[in-house]
Each structure stands twice: as C-alpha cells, then as structure tokens.
Visitor: 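Structure below; questions to follow.
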Amino acid sequence: MALISFLAFTILVALISWWSVRKSDESTSDGYFLGGRSLTFGVIAGSMLLTNLSTEQIVGLNGSAYKDGLSVMAWETLAALSIVVTAVFLLPRYLKGGLTTVPQFLSKRFDKTTKTITSGLFLTGYVVVLLPVILYSGSVAISGMFDVPELLGVSDTTALVICIWGIGIIGSIYAVFGGLKAVAVSDSINAIGLIIGGVLIPVFGLMAIGDGSVLDGLHVLVDANPERFDSTGESGQEVPFSTIFTGMMLVQLFYWGTNQQIIQRGLGAKSLAEGQKGLLLAAFLKILGPIILVLPGMIAYYYFEGGLSSSDLAYPELVRAVLPKPLMGFFAAVLFGAILSSFNSVLNSSVTLFGIDIYKEHINKEASERTVVKYGKIFGVCLALAAMFIAPLIANAGSLFSYLQEINGIYSIPIFTIIVVGYLTKRVPAIAAKIGIISGSLLYIISQFWIGPNMRSSAIEAAKASGITDVEALRMVEVDAYPHYLHIMAILFITNIVIMLVIGKIYPRKEPFVLEYTKQVSIEPYKYVKQVGAIICLIVVGIYVYFAK
C-alpha cells in the first residue's frame with residue numbers, strides 16, 4: 001500500500017510538470033533557464049522553499065536539534081531576515097540589469113574573467129559537495145523507509161548505490177530536459193505535500209509522547225528538558241549565540257541572495273513586484289520552518305531518551321516509530337519530491353552557469369540559443385553522472401549538515417564579498433575582485449584544513465599531558481582551541497573587503513560603474529515591500545527574545 005501511494009503521487013507530479021512544459025516554449029535559453037521570465041510570486045515562494053527543504057536539511061538539521069535543541073533554529077529562522085534583504089536590496093538590482101545568472105553581474109561590474117572564476121567556483125562546489133550530499137542523504141532516507149536491502153535482497157551498500165542512481169537519473173530528466181519551469185512547477189506541487197507531510201511528523205510525535213494529545217505532548221517535552229528550548233546556543237554547540245552576529249548572517253545572505261540555485265527563481269519573475277511578493281511569502285514561511293526542521297529532532301531526543309547511535313538517525317527513526325503505516329507511502333513520495341527538488345534545482349543552476357557563462361562566453365561565442373541549451377544539457381548529464389559516482393564516498397563524512405555548511409565556506413563567502421563590494425562601490429577594479437575571491441578561498445582552506453586542525457590537536461595533547469581525561473572536558477578544550485568556522489567566515493569577509501578597498505584606492509577604475517536598466521521586466525516594486533519586510537524582521541526578533549533563557 002505504501003509503495004503504491006508513493007508511485008501514484010510521484011507519477012502525478014511528473015505528469016503535471018510535463019504538461020506545463022508542453023504549454024510553454026523552452027527552446028531558447030531564456031525559456032529554458034528562466035521559465036520564460038513568467039514565474040509568479042506563489043510559484044517563486046513554493047519553489048524556493050522546497051529547493052531548500054531536502055534530506056540534507058530535514059535529516060541533518062533535525063539531527064542537529066537532537067543534539068543541541070532549539071538553538072539550531074537559527075539556520076531556518078534567520079533565513080527570513082536574509083530573504084527580506086534580498087527582496088528589498090538585491091532583487092531590484094538583479095532585474096534592473098536583466099540578469100540570468102549572478103556571475104553575469106560580476107561580468108558587468110568587473111570583467112569576464114571574474115565571472116568565469118565565480119562560475120567555476122559555483123560549479124566545483126555543486127559537483128564536489130552539494131549534489132553528492134543531496135544524493136547520499138536522500139538515498140539513505142528512501143532506502144531506510146522502504147527497507148530497500150530486504151526488498152531487493154542486496155547489501156546496504158548496494159541498496160544505497162541503487163537509490164543514488166535512481167534519484168540521480170530521475171532528477172536529471174526533470175532538470176536537464178524540463179528546464180526551470182518544470183523544476184518550479186514540480187517544486188510548487190511538492191511544497192504543498194511537504195508542508196502537510198512535514199507537519200504530520202511532529203504532530204504524531206507529540207501525540208505519541210502525550211498519550212494522544214498534541215498539547216499534552218508539548219507540555220511533556222518542555223517540562224522534561226526546558227534547557228533545550230533555548231534560542232541562544234552555547235559554546236561547544238553547533239550554533240553558539242555569538243555566531244548569529246558574525247558568519248551566520250553572511251551565510252544566510254549568500255545562500256538566499258546570491259546562490260544561483262536559489263535566486264534563479266527570483267530572476268525568473270515576470271516583474272519585480274511579483275518577485276518581491278514571492279520572496280516575502282517565502283520569508284514568512286521560513287519562520288515556521290523549525291516546526292518541520294527542528295521540533296521532530298527534539299521530540300526524537302525525548303522519545304528515544306537520547307540513546308540513538310547517531311544524531312542523523314533521529315528523523316528517520318522518529319518517522320518509522322510514530323507515522324501510521326498508511327501515510328508512509330504519501331510521506332515517502334513527498335520526501336522523494338523534496339530530494340528531487342534540491343537535486344534538479346542545483347543541476348539546472350549548473351546547466352545555466354555552464355551554458356551562459358562558460359560555453360557561450362568562452363567556447364562558442366557565435367552559438368545560437370538552441371545550441372547553448374543543447375550543450376548545457378550535455379554538460380548537465382556529465383555533471384549528474386559525476387555526482388552519482390562521488391555520492392557513495394560521503395558515507396564517512398560525519399554529520400552531513402555541519403559538513404555541508406563548513407565546506408561551502410570555501411566559495412560562499414569569497415563570492416558574497418565581491419558581490420557586496422561590487423554593488424556598494426563604483427570604482428573598485430576587476431583585479432581587486434580576482435584577488436579577493438582567490439585569497440578568500442585559499443585563506444579559508446588554510447584556516448579550516450591546516451591551521452585549525454593543528455591547533456586543536458596541539459590543545460588536546462597539552463590537555464592530556466596536564467592530566468585531563470574527561471571526554472566532555474577534552475571536547476571543550478578542542479572547541480576553545482580555535483574560533484568557530486562561522487567566526488572565521490566573518491573575519492575573512494572583513495579581511496577581503498579591506499583588501500579590495502585598498503586596491504580600489506590605489507588602482508581605481510577609470511570610469512565609475514553604473515547599473516543600466518535593460519527594460520526586460522518591470523522594476524516597479526511591490527508597494528508594501530518595506531512594511532511587510534519590517535513586520536517579518538520584528539517577528540523573528542520576537543521569537544528569539546521569547547525563547548532566550
């Protein structure tokens with residue numbers, strides 16, 4: 001029964017997406033990459049949300065909540081502030097310049113080499129980190145929910161590989177042959193199912209610990225571990241409170257404002273007003289995100305008495321324990337849609353970056369739009385295959401969510417730095433951007449993979465030599481030996497801005513940069529954008545104040 005409902009829902013979404021593509025013209029690069037610049041605010045909001053909600057988020061963040069409690073909600077709740085900033089500040093400038101990709105702005109502001117370097121960093125991060133993590137975490141979830149090893153009579157490793165390739169092939173078909181409109185339509189449908197299914201898990205979880213009552217279950221959960229309902233994380237936890245004011249906001253602004261896989265929905269808006277309304281709706285819904293992405297992990301901590309062998313098992317084990325069997329197929333289909341959403345949106349972004357920023361720019365400048373789309377699709381297939389081969393190697397990476405966030409810092413903060421400087425200054429030259437992005441990546445790599453590990457090892461050895469043997473005490477020695485990676489991001493962000501401004505002072509551009517209006521879409525803003533944005537920001541602050549201990 002579960003398998004039948006899973007297949008029925010999945011096929012239904014695929015048919016609707018296919019029909020929507022048949023109704024539109026995606027033979028040109030604009031139609032393929034941007035959905036014909038026709039996305040409405042509802043589609044934009046739903047698509048952005050589901051792109052963000054995949055197994056690396058659902059499983060990983062709930063695993064973090066299982067360990068640290070409510071403080072990890074920063075990854076979700078603070079996203080609302082970043083989306084508001086994007087709606088008010090960045091999106092008007094993107095649409096005014098008629099941008100298809102974020103690196104296109106860098107080409108206009110600095111030069112084509114800067115754009116190529118940025119596109120290369122995006123693509124490297126996608127194929128080496130993001131796509132494989134999505135495939136691996138999704139395969140773990142699907143394999144566990146349907147017990148694929150027993151179903152097919154194969155080993156756990158073989159089942160994992162089968163699921164990886166199955167998800168990869170289906171996701172590739174959506175993204176490579178459907179374009180952004182197919183991705184956005186399927187995302188919007190799945191978003192509804194994911195919200196319904198995602199809310200069911202904490203509801204049934206609270207009922208399980210509250211003798212059939214959701215409210216009683218919530219009271220039991222709060223009374224049992226009140227210290228875990230603290231919005232301010234402590235040192236040693238994944239999100240210490242101080243990081244909210246440093247690297248956390250930078251990561252959020254990069255992800256929601258400049259990351260191609262996310263912001264391309266806004267770039268496909270039929271007008272600035274529609275784009276801003278879509279972003280604001282997404283921001284409001286992100287405030288509710290912890291219900292799906294944090295609360296189940298906290299319920300699992302109480303339900304299993306903190307006894308799971310791995311925190312990343314918290315969500316799938318809770319689903320298996322509390323969700324009624326008849327609903328398992330529906331939820332598995334919704335989760336499968338979320339997995340596909342993240343995978344195919346990243347893949348579509350990669351195809352966009354390659355087709356427009358690399359193939360058209362450096363390989364075949366005279367290529368027609370159909371040719372750009374054709375070779376973009378070929379590149380997408382190669383990228384998907386590479387990700388499918390890399391994904392099984394992540395099995396020993398440790399905590400998926402933490403791994404993903406830390407590794408992304410290699411390219412996220414350097415790219416965000418040059419975009420900020422590009423928009424806020426007019427005379428900083430292209431050489432400053434090249435130095436900033438290369439130095440930002442190299443300094444972060446040196447910090448996180450050489451200096452940090454060496455300092456932590458030395459601190460632990462010194463602690464042991466002084467007679468400290470307690471495991472928790474040694475863990476805190478390791479934590480305090482080197483700044484949190486989010487603090488490092490903030491330090492390098494400021495460092496790179498200073499470097500770029502100094503270079504701009506010594507070797508300024510001959511002519512100040514002016515962003516020209518291409519008139520591709522209306523840039524008349526949503527008339528209540530600032531008021532609605534302010535309300536969302538006040539709600540976020542209020543939530544933090546209410547839960548602060």
Side-chain angles (χ1 to χ4, degrees), residues 56 59-75 133 136-137 140 144 156 209 221-244 246-248 293-318 321 393-407 409 447-489 547 549:
E56 79 277 7
V59 174
L61 193 51
N62 275 299
S64 298
Y66 177 88
K67 290 190 303 180
D68 292 344
L70 191 65
S71 62
V72 300
M73 76 173 187
W75 291 114
V133 166
Y136 173 77
S137 60
V140 169
D156 291 344
I209 64 178
L221 191 64
V222 174
D223 293 341
N225 302 105
E227 74 283 354
R228 290 175 57 80
F229 282 83
D230 184 2
S231 59
T232 58
E234 299 176 355
S235 176
Q237 293 187 331
E238 185 174 309
V239 187
F241 185 62
S242 58
T243 61
I244 291 176
T246 58
M248 172 62 75
L293 295 171
V294 176
L295 184 56
M298 299 177 69
I299 295 171
Y301 180 85
Y302 176 87
Y303 189 90
F304 298 109
E305 299 179 347
L308 294 177
S309 59
S310 170
S311 61
D312 285 334
L313 294 175
Y315 194 78
E317 288 296 329
L318 184 68
L393 305 178
I394 301 179
N396 299 319
S399 174
L400 284 176
F401 194 78
S402 179
Y403 165 79
L404 179 63
Q405 300 300 333
E406 185 170 4
I407 296 298
S447 168
Q448 296 307 109
F449 303 104
W450 182 44
I451 299 176
N454 288 337
M455 291 185 67
R456 293 188 187 101
S457 296
S458 299
I460 291 175
E461 290 176 4
K464 289 180 177 179
S466 65
I468 299 176
T469 57
D470 180 70
V471 175
E472 181 61 22
L474 289 174
R475 188 182 75 84
M476 292 307 299
V477 168
E478 182 179 14
V479 167
D480 295 335
Y482 196 70
H484 194 282
Y485 72 89
L486 290 173
H487 288 319
I488 295 296
M489 288 180 179
F547 285 104
K549 303 298 183 183

Visitor: So, using side chain to side chain contact (heavy atoms under 4.5 Å, CB included) as the criterion, who are the partners of A300 when residues are at least two apart?
Guide: Y66, F304, A314, L318
Visitor: Which atoms form the tightest heavy-atom contact between G297 and N62, and what is the distance?
Guide: N-OD1, 2.9 Å
Visitor: Suppose we screen for side chain to side chain contact (heavy atoms under 4.5 Å, CB included). Which residues come up paired with E472, at least two apart in sequence or across chains?
Guide: D470, R475, M476
Visitor: For M489 and G247, work out which heavy atoms get closest and say how close.
Guide: CB-CA, 4.5 Å
Visitor: To the closest 0.5 Å, what do you measure between OH (Y485) and CD1 (I407)?
Guide: 10.0 Å
Visitor: Closest heavy-atom contact between Y315 and V59?
Guide: CB-CA, 4.3 Å
Visitor: Please indicate whether E227 has more than 12 foreign heavy atoms, meaning atoms of other residues, nucleotides or ligands, lying under 6.0 Å from its CD.
Guide: yes
Visitor: Once you round to the nearest 0.5 Å, how far does CG of D68 lie from CE of M298?
Guide: 10.5 Å
Visitor: Of all residues at least two apart in sequence or in a different chain, which pass the side chain to side chain contact (heavy atoms under 4.5 Å, CB included) check with D223?
Guide: H219
Visitor: Working to the nearest 0.5 Å, report the span between CZ of F547 and CE of M73.
Guide: 6.5 Å
Visitor: Test M248 against F241 for side chain to side chain contact (heavy atoms under 4.5 Å, CB included), laying out the working first.
Guide: CA-CA 10 Å; M248 172 62 75; F241 185 62; over 6 Å; no
Visitor: Rounded to the nearest 0.5 Å, what's the gap from OH on Y302 to CG on N225? Could you check?
Guide: 8.5 Å
Visitor: Report the C-alpha distance between W75 and Q405 in whole Å, list the side-chain angles of each, state the deciding distance to 0.1 Å, and finish with yes or no for side chain to side chain donor-acceptor pair (under 3.5 Å).
Guide: CA-CA 10 Å; W75 291 114; Q405 300 300 333; over 6 Å; no
Visitor: Please report the shortest heavy-atom distance between A65 and R228, naming the atom on each side.
Guide: O-NH2, 2.7 Å
Visitor: Would you please name every residue forming a side chain to side chain contact (heavy atoms under 4.5 Å, CB included) with T243, sequence neighbours left out?
Guide: V239, P240, T246, H484, L486, H487
Visitor: So how far is it from I299 CD1 to I209 CD1, rounded to the nearest 0.5 Å?
Guide: 5.5 Å
Visitor: Could you give the side-chain donor-acceptor pairs of residues 455-465 under 3.5 Å, partners two or more places apart or in another chain?
Guide:
| unit_1 | atom_1 | unit_2 | atom_2 | d |
| --- | --- | --- | --- | --- |
| S457 | OG | P453 | O | 2.9 |
| S458 | OG | N454 | O | 2.9 |

Visitor: Counting C-beta onward and ignoring hydrogens, is there a side-chain heavy-atom pair between S447 and I488 closer than 4.5 Å?
Guide: yes
Visitor: State which residues pass salt bridge (Lys or Arg N to Asp or Glu O under 4.0 Å) with E406; sequence neighbours excluded, sorted by chain then number.
Guide: none
